[in-house]
Amino acid sequence: MGMPSSLAHRIAAQTLLGTAKMLLHEGQHPAQLRSDVCTPGGTTIYGLHALEQGGLRAATMSAVEAATCRARELSRK
């Protein structure tokens, strides 16, 4: 979108770090955090909507399931 990649990487990393800190230290449920930071018609909810349309939630769940199954397989060896 025209932003230098180094700046985009820093912003993305800080966003993830801030999210993780809020979830861990404040004990919030992810849905509550989403509700707290999204404003109707704002940039965050539009971005989240695009992620949902792209299947991020399903892909994440499939990745966790695949890794769990593989870990079980490896533990039997």
### Task
Ignoring hydrogens and angles, tell me if any N or O in the side chain of Thr19 forms a donor-acceptor pair with the backbone of Thr15 under 3.5 Å.
yes

### Task
Might you confirm whether atom CD of Glu65 has over 12 heavy atoms from other residues, nucleotides or ligands at distances under 6.0 Å?
no

### Query
For the hydrophobic clusters of this structure (ILVMFWY residues joined by side-chain heavy atoms under 4.5 Å, transitively), does one cluster hold both Leu23 and Val37?
yes

### Task
Report the C-alpha distance between His49 and Ile45 in whole Å, list the side-chain angles of each, state the deciding distance to 0.1 Å, and finish with yes or no for side chain to side chain contact (heavy atoms under 4.5 Å, CB included).
CA-CA 6 Å; His49 179 73; Ile45 196 65; 5.6 Å; no

### Summary
In this structure, CZ of Arg70 is separated from CG of Leu74 (nearest 0.5 Å) by 4.0 Å

#### Entry: Expected output: side-chain Ser62 to main-chain Ala59 donor-acceptor under 3.5 Å
no

### Message
Distance check, rounded to the nearest 0.5 Å: His9 atom NE2 versus Gln14 atom CD?
### Response
14.0 Å

### Task
Please assess Thr44 against Thr39 for the test side chain to side chain contact (heavy atoms under 4.5 Å, CB included), listing each intermediate value before the final yes or no.
CA-CA 7 Å; Thr44 302; Thr39 54; over 6 Å; no

### Task
State the NE2-CE distance between His25 and Met22, to the nearest 0.5 angstrom.
12.0 Å

### Query
Would a 4.5 Å heavy-atom cut-off, applied to side chains only, mark Leu33 and Glu26 as touching?
no

### Task
Apply the test side chain to side chain contact (heavy atoms under 4.5 Å, CB included) to residues Leu48 and Glu52: give CA-CA distance (whole Å), side-chain angles for both, the deciding distance (0.1 Å), then the verdict.
CA-CA 6 Å; Leu48 289 173; Glu52 287 291 332; 5.6 Å; no

